[in-house]
Amino acid sequence: MTTAPVVRLEKDGDIALIIVNYPPVNALGPGVAEGIIDCLNQANADASVRAIVLMGDGRSFIAGADIRGFGTGRKRLAIGERTYDVLDGSAKPVVAAIHGYALGGGLENAMACHYRIAVPSAKVGLPEVQIGILPGGGGTQRLPRLAGAQAALDMITSGRHISAAEALKLGIIDHLLPAGADLRTAAITYARGIAAARPLPRVRDKAVSADPGIFDAMRKSIARKARNQKAPYHCIAAVEAACTMPFDDGVREEARLFGELENSDEAKALRYAFFAEREVAKLPDMPVGIEAVDFKAPAVIGAGTMGGGIAMAFADYGFDVKILDASQDALDRGMEKIRSNYATSVKRGSLKQEEMDKRLARIHPISGYEDLKDCDVVVEAVFERMDVKKPVFEKLDEVLGPDAFLYSNSSALDLDELASVTKRPERVAGTHFFSPANVMKLLEVVRPPRASFETVATAMSLGRKIGKISAIAGNTDGFVANRSRAPFNSEMVILLEEGCLPEQVDKVMIDFGYPMGPFAVGDLAGLDISAEGRKRRAAANPNYRKLPIADHLVEIGRLGQKTSAGWYRYEKGDRTPHPDPEVAAIIKRIAGEMGVPQRSFTDQEILRRLLFSGINEACKILEEGKAYRTSDVDVMWLHGFGFPRYRGGLFFWADNIGVREVYNQIASWHQQYGERWAPSKLLRDLAESGTAFKDAKPAPFV
Ligand code: 3H9
């Protein structure tokens with residue numbers, strides 16, 4: 001069998017086409033750069049060629065350097081010999097013809113060409129910062145020369161993808177092809193049009209300057225988001241070099257800064273997160289040939305906070321969605337809340353009024369179950385109680401067509417029990433959204449034992465279609481995300497009993513990289529919400545570890561931000577948490593009544609108490625076969641709970657500490673605190689065999 005070359009040269013009369021063919025996205029994998037250079041040399045040597053087109057086969061131009069090659073010591077071409085350095089040295093004009101994605105090294109190659117054209121659906125960007133590095137193929141030097149220093153700073157420090165239309169406006173591309181144009185034909189025509197143009201325009205020759213103040217202003221503006229990270233600051237330094245140094249010196253400075261980042265802890269963690277987010281979509285035991293069903297008519301049952309958010313998520317991604325509640329009154333209130341959520345976005349400037357109107361018009365309130373009969377996918381988001389959900393599922397089963405899928409947004413209930421009230425348990429599964437459902441990226445797809453693979457695959461693709469990262473979980477109380485997080489929620493309050501204060505714990509977690517501390521998050525969500533969950537668990541389990549301090553705050557009406565008092569106190573109309581001496585006194589009094597000795601804690605002890613508790617529980621989940629991979633848990637913590645991405649994820653972070661050290665600490669807390677710290681068997685086995693978490697083999701999924 002012969003394999004297709006990763007780059008090939010074709011000819012159409014006097015135009016040569018260099019075509020990259022490295023599926024699925026034309027990353028610059030082994031041999032691609034060499035192939036481009038080889039084809040470029042051949043085209044220049046061929047007297048019948050007047051101009052050259054660089055393009056990609058399949059779904060993209062070039063998605064960037066091969067991320068799998070970073071940190072491996074893979075040999076790269078030296079500065080001066082790279083595609084980025086030689087394309088614009090071509091004696092014959094080179095046109096980059098862009099479709100799909102031109103990202104990172106892809107856009108850098110395009111900018112090293114003499115001309116750039118694109119189809120309207122193309123996206124371009126320099127997303128390197130998102131994997132902890134900077135554009136190292138001349139991107140930090142060429143983009144400011146094309147788009148101006150400020151626009152380049154914005155794009156490079158955010159890593160955002162921009163549309164072809166915006167790229168045209170910014171001067172990044174020269175020509176936007178009409179919708180529906182055939183790229184190859186249009187590129188050949190364009191290349192003929194510029195074949196005789198001389199001198200050849202080179203981005204490197206363009207002048208660039210900037211008000212020196214913009215760099216420090218940018219450093220200031222990213223300070224909060226970029227804390228503990230190096231890459232965003234190196235990106236700024238490289239753009240600054242573009243504005244203060246000659247081009248070739250700037251390229252060398254860019255390479256120097258790139259070299260400092262490639263093997264940094266943050267780059268390793270972010271690369272891991274990138275691949276974990278792609279791995280999570282795969283079900284290793286899925287039989288070949290099972291496909292997700294392409295649903296057309298979704299509906300949501302329940303117009304409360306979650307139901308409304310889920311309906312918005314559908315509408316935001318272009319789906320018409322029906323929404324039903326038990327009473328007209330509840331439905332009206334739900335629709336009003338949806339309207340006011342959208343209006344807030346319009347007020348903040350993140351949504352245009354016209355777009356809000358379009359989205360709202362896609363959400364269709366309905367008055368009864370009969371209106372659902374044509375729906376093929378229904379997400380139930382009614383009150384979190386089995387006796388409330390069961391009649392809803394019975395009714396849905398009755399009115400919906402036999403092929404429709406029934407998904408529950410339950411965050412903890414037994415979905416097999418719920419499925420058993422229907423005649424289609426194989427078409428029932430969980431789609432657990434995180435609040436606010438239209439914002440949070442994680443969708444936990446819960447697979448009860450009787451759900452078919454088609455049902456699960458459809459739920460996974462549903463998530464993807466509405467902008468979520470879908471991760472699969474087994475049917476266990478709290479599923480994977482909340483169950484692995486629950487011990488953290490208890491431990492943070494137990495720390496108070498032992499002498500910590502909420503503000504101290506929150507500071508440790510913010511310093512670690514969380515956007516907010518867990519106590520402040522509790523105040524935002526409402527302390528009554530978690531109190532409900534504790535009541536349910538205490539009723540089900542006589543050994544449940546009660547949290548008297550948290551319960552007491554709810555009893556005295558300190559419910560969080562909504563009552564201007566919770567773990568913190570709040571000024572009217574302001575969400576800033578202020579440490580409250582009254583809370584400190586309550587903690588001291590209750591701890592005294594409980595007879596818990598008070599002591600001080602180091603930051604590391606606080607951090608580990610919280611995160612190791614999650615690791616131990618997640619190991620139990622894996623050993624029970626309720627999750628596929630440690631990396632799936634990491635994705636859930638990243639996108640469900642705000643775990644700092646540049647630390648990779650819970651298990652990635654723990655692997656850096658070492659599985660043995662994690663186990664030893666947990667075993668010692670088991671001695672000290674009792675059963676809640678009983679180490680998982682999987683954790684013990686890993687520690688004894690010296691196997692990293694990333695290589696853990698969970699039990700087969702059940
Ligand atoms: C760079 O360019 C550095 C330069 O400055 C030069 C320095 C000297 N490498 O996401 P998908 C795989 S840094 C390797 O599901 P989509 C991906 O793992 C790079 N593999 O598709 C998956 O594999 P599998 C800058 C890559 O349509 C498959 O392709 N560029 C790469 O949802 C499909 O991916 C970036 O950061 C890669 N670069 O989204 C862009 N890209 O099937 C990173 C993808 O085995 N890529 N794969 O799971 C993306 O953002 C998205 O993949 C993209 C397509 C938007 C392109």
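Whatever order the structure lists ligands and atoms in, that order sets their numbers, starting from 1.
- Salt bridge absent: K230 and D265 never bring a charged side-chain N and a carboxylate O closer than 4.0 Å.
- Which parts of ligand 1 touch F275 is read off a 4.0 Å heavy-atom cut-off, strictly below it: atoms 18 (O).
- Listed here is the closest heavy atom pair of L442 and A481: CD2-CB, 4.4 Å.
- Taking a cut-off of under 4.0 Å to the non-hydrogen atoms of I131, the atoms of ligand 1 that pass are 13 (S).
- Counted by atom type alone, D285 and Y628 present one or more donor-acceptor pairs between their side chains at under 3.5 Å.
- Within the listing of ligand 1, atoms 1 (C), 2 (O), 4 (C) sit less than 4.0 angstrom from a heavy atom of G105.
- Inclusion of R464 in the set of residues having an N or O under 3.5 Å from an N or O of ligand 1 is warranted.
- Here the shortest heavy-atom distance to atom 8 (C) of ligand 1, taken over G136, G106, G29, A255, belongs to G136.
- For R256, the side chain to side chain donor-acceptor pair (under 3.5 Å) partners are E253, E260, not counting sequence neighbours.
- Using modelled atom types, one side-chain atom of S350 and one backbone atom of S345 make a donor-acceptor pair closer than 3.5 Å.
- For ligand 1, the polar-atom distance check against G104 finds no nitrogen or oxygen pair separated by under 3.5 Å.
- Taking atom 41 (N) of ligand 1 as the reference point, the nearest protein heavy-atom neighbour is V25 CG2, 3.6 Å.
- Within the cation-pi definition used here (under 6.0 Å to the ring centroid, within 45° of the axis), R278 qualifies as a partner of F274.
- Using a 4.0 Å cut-off to heavy atoms of A27, the atoms of ligand 1 that qualify are 9 (N), 37 (C).
- The shortest N or O to N or O distance between A65 and ligand 1 is below 3.5 Å.
- Atom CZ of R74 sits in a crowded spot, with more than 12 heavy atoms from other residues, nucleotides or ligands closer than 6.0 Å.
- Proximity to P135 (heavy-atom distance under 4.0 Å) selects the following atoms of ligand 1: 5 (O).
- Among G138, A63, G132, P23, the residue whose heavy atom lies closest to atom 40 (C) of ligand 1 is A63.
- Under the 6.0 Å cut-off for aromatic ring centres, F319 and F295 qualify, their centroids lying closer than that.
- Comparing heavy-atom distances from atom 3 (C) of ligand 1 across R76, Q130, E128, K123 singles out E128 as nearest.
- Residue contacts with ligand 1 leave out G139, since none of its heavy atoms falls under 4.0 Å from the ligand.
- Checked against the 6.0 Å centroid threshold, F512 and F643 count as a close aromatic pair.
- D57 places no side-chain N or O within donor-acceptor distance of the main-chain N or O of N21, the cut-off being under 3.5 Å.
- Ligand 1 lies less than 4.0 angstrom from a heavy atom belonging to R59.
- For K282, the heavy-atom gap to ligand 1 drops under 4.0 angstrom.
- Annotation: F70 places no N or O atom under 3.5 Å from an N or O atom of ligand 1; distance criterion only.
- Only the side chain of Y84 comes within 4.0 Å of ligand 1, judged by heavy-atom distances.
- Considering both main-chain and side-chain atoms, G64 never comes within under 3.5 Å of ligand 1 through any nitrogen or oxygen pair.
- What sits closest to atom 54 (C) of ligand 1 on the protein, heavy atoms only, is Y101 CE1, 4.0 Å.
- Counting the atoms of ligand 1 from 1 in the order shown, those under 4.0 Å from a heavy atom of D66 are 9 (N), 14 (C).
- The protein heavy-atom contact nearest to atom 28 (C) of ligand 1 is P24 CG, 3.5 Å.
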Using a 3.5 Å cut-off and no angle test, enumerate the donor-acceptor pairs between side-chain atoms of residues 106-115 and protein atoms at least two apart in sequence or in another chain.
from	atom 1	to	atom 2	distance (Å)
E108	OE1	G105	N	3.4
E108	OE1	G137	N	3.4
E108	OE2	G136	N	3.4
E108	OE2	G137	N	2.7
E108	OE2	G138	N	3.4
E108	OE2	G139	N	2.8
N109	OD1	T83	OG1	2.7
N109	ND2	G105	O	3.1
H114	ND1	V94	N	2.9
H114	NE2	D88	O	3.2

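- Between Y101 and H99, the gap from one ring centroid to the other reaches at least 6.0 Å.
- Scanning the protein heavy atoms around atom 36 (O) of ligand 1, the nearest turns out to be P127 CG, 3.6 Å.
- For ligand 1, the polar-atom distance check finds an N/O of R278 within less than 3.5 Å of one of the ligand's N/O atoms.
- For atom 23 (O) of ligand 1, the nearest protein heavy atom lies 4.0 Å away or farther.
- The contact set between ligand 1 and E108, taken as ligand atoms under 4.0 Å from a residue heavy atom, comprises 4 (C), 5 (O), 6 (C).
- The aromatic rings of F405 and Y407 sit parallel to each other, their planes meeting at less than 30°, with 60° as the upper class boundary.
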